[in-house]
Amino acid sequence: MKNYDIKDSSLSPEGKKRIEWAAREMPVIGQIKDRFTKEKPLKGIRVSACLHITSETANLALTLKKGGADIMLCASNPLSTQDDVAAALVSDGIPVNAIRGEDEKTYYRHINTVLDAKPHLTVDDGADLVTTLHTRRAELITNLIGGTEETTTGVVRLKALEKSGGLKYPIIAVNDAQTKYLFDNRYGTGQSTIDGITRATNILWAGKVVVVCGYGWCGHGIALRAKGLGSQVIITEVEPVRALEAVMDGYQVMPLIEAAKMGDIFITTTGDKNAIDQVHLKAMKDGAILANSGHFNVEINIPALESLTRSQRRIRPLVSEYTLKDGRRLYLLAEGRLVNLAAGEGHPASVMDMSFANQALCLEYMAKNRGRLEIEVHPVPEEIDKEVARLKLDAMGINIDRLTPQQKKYLTSWEEGT
Ligand SMILES: NC(=O)c1ccc[n+]([C@@H]2O[C@H](COP(=O)([O-])OP(=O)(O)OC[C@H]3O[C@@H](n4cnc5c(N)ncnc54)[C@H](O)[C@@H]3O)[C@@H](O)[C@H]2O)c1
């Protein structure tokens with residue numbers, strides 16, 4: 001029986017070239033792939049992965065396959081699939097269940113199909129796969145060795161599940177590795193969000209007032225890149241330390257209800273619901289652009305936007321114009337879904353190299369430690385995090401200093417002072 005569902009198999013040659021291009025910028029995954037090919041650490045292991053189906057994910061999937069895994073993929077977002085990449089993976093013997101633009105019913109059907117493979121390991125991005133496993137497919141849990149989670153929102157959901165006593169197998173929070181969030185969330189989301197919005201709108205950033213909602217790691221990157229392009233950046237936050245950091249990083253900080261009147265472009269990256277709510281939409285200028293780069297399409301209150309709307313049309317492929325009852329027009333990008341993936345190509349491969357190196361090494365770690373890990377949300381083992389940084393520096397041809405024995409001793413003792 002066919003165990004994949006993609007848009008069009010004939011797109012495979014284009015997808016292959018795209019995967020090859022990404023591989024050039026993924027030397028760490030490349031090294032892990034070479035080692036996995038020899039050592040086969042995932043031999044006999046079934047992996048079900050719910051990830052954005054992009055050329056970078058393809059390089060991870062091919063690495064896991066070389067490591068001996070039987071891997072199957074579905075999408076972690078209905079709008080982020082690169083259909084040519086999906087076709088290329090299928091032609092390489094990796095079943096993919098993902099079609100760009102799929103509706104919610106198809107999205108969950110695809111999740112269920114990859115679960116039908118009875119995985120030993122899960123890879124998730126946002127925790128939709130793990131949530132489906134825990135709710136509707138709980139009979140599969142006995143097969144599971146463990147899982148990994150790629151993003152902040154997924155980790156938040158899994159920690160809530162753990163706290164409620166409901167988590168049924170160990171999961172490693174890949175997002176929380178330093179070599180993940182400090183680079184992927186900050187530099188990856190920073191660049192790709194600006195890129196996605198530019199591709200969707202072709203706006204000039206210089207001189208625009210850009211309001212970034214949420215000064216987490218993604219917010220840091222987006223604000224930095226918008227500032228670099230000449231925008232005036234306003235940050236909105238709910239957490240005082242992060243708000244203070246934004247002030248000292250040189251941004252204006254204020255409540256969103258005040259920023260709402262000033263912004264030309266609003267970008268949410270809070271991981272929170274209704275970060276932009278009806279009251280803010282009511283205060284915005286005619287022509288304001290709204291984009292979300294947080295995981296789910298709940299950050300901008302779209303039902304509230306619709307309730308204020310008189311008429312709506314698609315003015316560019318990924319730009320919806322909402323003409324409000326009072327005559328103002330607001331522009332929502334990519335239906336409020338992750339703008340960097342829906343309107344662009346997601347993060348550059350060089351940064352996904354590190355995120356996916358963490359994924360590959362954590363899956364190997366879980367397979368090695370089968371049955372020995374507590375059922376909880378685990379951090380990425382420090383040795384893996386450091387190894388990824390070391391491999392990336394090596395690949396970039398950068399050497400660093402090492403502690404002398406005297407310095408090692410000094411840094412682990414208390415006796416020496418003034
Ligand atoms: N677009 C991408 O490719 C991509 C990449 C990585 C992470 N993400 C997603 O982006 C989101 C943010 O990730 P992060 O790593 O920056 O998280 P984070 O936890 O570091 O930052 C989120 C920030 O938003 C703030 N916040 C929460 N509610 C708010 C509100 N109502 N108004 C203003 N600020 C609010 C929090 O205080 C926090 O500082 C998550 O959903 C994550 O899964 C997206």
Side-chain angles (χ1 to χ4, degrees), residues 50-54 56-57 76-77 79-80 124-128 149-160 173-197 211-225 234-247 249 251 253-260 263 266-277 279-280 291-301 333-334 336-349 351-352 354-356 358:
C50 178
L51 291 167
H52 299 295
I53 308 299
T54 63
E56 295 80 20
T57 300
S76 59
N77 187 294
L79 266 189
S80 62
D124 214 346
D125 186 337
D128 280 346
E149 171 52 55
E150 171 75 7
T151 197
T152 319
T153 284
V155 173
V156 168
R157 293 179 82 190
L158 292 172
K159 286 193 172 158
V174 165
N175 178 73
D176 295 355
Q178 288 187 313
T179 46
K180 200 281 182 180
Y181 69 84
L182 288 177
F183 302 91
D184 171 319
N185 300 29
R186 183 167 41 173
Y187 301 119
T189 314
Q191 178 172 319
S192 62
T193 299
I194 301 290
D195 174 48
I197 297 172
V211 179
V212 179
C213 304
Y215 199 58
W217 291 109
C218 296
H220 276 69
I222 297 166
L224 187 66
R225 295 301 175 235
I234 300 175
I235 302 291
T236 71
E237 249 299 340
V238 292
E239 205 283 313
V241 176
R242 283 191 151 162
L244 186 59
E245 196 189 359
V247 173
D249 284 346
Y251 303 111
V253 176
M254 63 184 76
L256 182 55
I257 193 63
E258 285 172 34
F266 294 82
I267 308 169
T268 51
T269 180
T270 64
D272 196 4
K273 192 173 178 177
N274 299 344
I276 295 184
D277 215 340
V279 60
H280 310 117
N292 168 49
S293 213
H295 190 76
F296 287 119
N297 61 339
V298 297
E299 302 214 8
I300 299 166
N301 188 343
L333 306 191
R337 296 201 183 271
L338 289 163
V339 71
N340 60 332
L341 281 140
E345 290 178 69
H347 293 357
V351 88
M352 294 316 294
M354 289 188 277
S355 307
F356 286 163
N358 275 293

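Read the numbers this way: they start at 1 and go in the same order the structure lists the ligands and their atoms.
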Participant: Check each atom of ligand 1 against the heavy atoms of Glu239 and keep those under 4.0 Å away; list them by number with element.
Facilitator: 37 (O)
Participant: What about Lys180: any of its N or O atoms under 3.5 Å from an N or O on ligand 1?
Facilitator: no
Participant: Please examine the side chains of Ser80 and Leu338, heavy atoms only from C-beta on, and report whether any two atoms are closer than 4.5 Å.
Facilitator: no
Participant: Among Asn292, Val238, Leu338, whose heavy atom sits nearest atom 30 (C) of ligand 1?
Facilitator: Val238
Participant: Examine distances only and state if a side-chain atom of His347 and a backbone atom of Asp184 form a donor-acceptor pair shorter than 3.5 Å.
Facilitator: yes
Participant: Which pair of non-hydrogen atoms, one from Gly271 and one from Thr153, has the smallest distance, and what is that distance?
Facilitator: CA-OG1, 3.8 Å
Participant: Can you tell whether the side chains of Lys159 and Asp176 come within less than 4.0 Å, N to carboxylate O?
Facilitator: yes
Participant: May I ask you to identify the nearest protein heavy atom to atom 18 (P) of ligand 1, giving residue, atom name and distance to one decimal place in Å?
Facilitator: Arg242 NH1, 3.5 Å
Participant: Which option wins on minimum heavy-atom distance to atom 11 (C) of ligand 1: Cys213, Gly221, Gly294, Gly216?
Facilitator: Gly294
Participant: Looking at atom 6 (C) of ligand 1, what's its closest protein heavy atom, distance included?
Facilitator: Cys218 SG, 3.6 Å
Participant: Can you report which non-hydrogen protein atom sits closest to atom 43 (O) of ligand 1, along with the distance?
Facilitator: Thr151 OG1, 2.7 Å
Participant: Find out whether Ile222 and Thr269 are in side-chain contact, i.e. whether some heavy atom of one side chain is under 4.5 Å from a heavy atom of the other.
Facilitator: yes
Participant: Going by the atom numbers of ligand 1, which of them fall below 4.0 Å from some non-hydrogen atom of Gly271?
Facilitator: 11 (C), 40 (C), 41 (O)
Participant: Would you mind listing which atoms of ligand 1 come within a distance below 4.0 Å of any non-hydrogen atom of Trp217?
Facilitator: 16 (O), 20 (O)
Participant: For atom 44 (C) of ligand 1, what's the nearest protein heavy-atom neighbour? Residue, atom name and distance, please.
Facilitator: Ser293 O, 3.2 Å
Participant: At what distance is the nearest protein heavy atom to atom 2 (C) of ligand 1, and which residue and atom is it?
Facilitator: Asn340 ND2, 3.4 Å
Participant: Please check this pair: side chain of Glu149 against backbone of Val174, looking for a donor-acceptor N/O pair closer than 3.5 Å.
Facilitator: no
Participant: Of Thr151, Asn358, Asn175, which is the lone residue that meets side chain to side chain donor-acceptor pair (under 3.5 Å) with Lys180?
Facilitator: Asn175
Participant: Quick test: of every protein heavy atom, which one is nearest to atom 5 (C) of ligand 1, and how far off is it to 0.1 Å?
Facilitator: Thr189 OG1, 3.2 Å
Participant: Is it true that His52 lies under 4.0 Å from ligand 1, counting heavy atoms only?
Facilitator: no
Participant: In the protein, which heavy atom is nearest to atom 22 (C) of ligand 1, and how far is it?
Facilitator: Thr270 O, 3.6 Å
Participant: Please identify which of these residues, Thr236, Asn292, Thr268, meets the side chain to side chain contact (heavy atoms under 4.5 Å, CB included) condition with Ile276.
Facilitator: Thr268
Participant: For Ser293, run the side chain to side chain donor-acceptor pair (under 3.5 Å) check against Thr189, Thr270, Thr193 and tell me which one passes.
Facilitator: Thr193
Participant: Any heavy atom of Tyr181 sitting closer than 4.0 Å to ligand 1?
Facilitator: no
Participant: Please could you name the atoms of ligand 1 that Thr153 approaches to less than 4.0 Å, counting only its heavy atoms?
Facilitator: 40 (C), 41 (O), 42 (C), 43 (O)
Participant: Any idea which part of His347 is under 4.0 Å from ligand 1, heavy-atom wise: side chain, backbone, both or neither?
Facilitator: side chain
Participant: Under 3.5 Å, N or O to N or O, is Ala275 touching ligand 1 that way?
Facilitator: no
Participant: Tell me which one of Thr152, Asp128, Asp124 satisfies side chain to side chain donor-acceptor pair (under 3.5 Å) with Arg157.
Facilitator: Asp128
Participant: Measure from atom 39 (O) of ligand 1 to every heavy atom in Glu245, Arg157, Lys273, Glu237 and give the option owning the shortest one.
Facilitator: Glu237
Participant: Please list, in number order, the atoms of ligand 1 under 4.0 Å from a heavy atom of Asp272.
Facilitator: 28 (N), 29 (C), 30 (C), 31 (N)
Participant: Using a strict cut-off of 4.0 Å, indicate which atoms of ligand 1 neighbour a heavy atom of Thr269.
Facilitator: 10 (O), 11 (C), 12 (C), 22 (C)
Participant: Closest non-hydrogen protein atom to atom 14 (P) of ligand 1, residue and atom name please, with distance?
Facilitator: Thr152 OG1, 3.6 Å
Participant: When you look at His220 and Glu245, which way does the side-chain hydrogen bond (donor to acceptor under 3.5 Å, both in side chains) test go after all the steps?
Facilitator: CA-CA 10 Å; His220 276 69; Glu245 196 189 359; 3.0 Å; yes
Participant: If every non-hydrogen atom of Tyr215 is compared with every non-hydrogen atom of Ala223, which pair is closest and at what distance?
Facilitator: CE1-CB, 4.1 Å
Participant: Output yes when a side-chain donor or acceptor of His295 lies under 3.5 Å from a complementary backbone atom of Asp125, and no otherwise.
Facilitator: yes
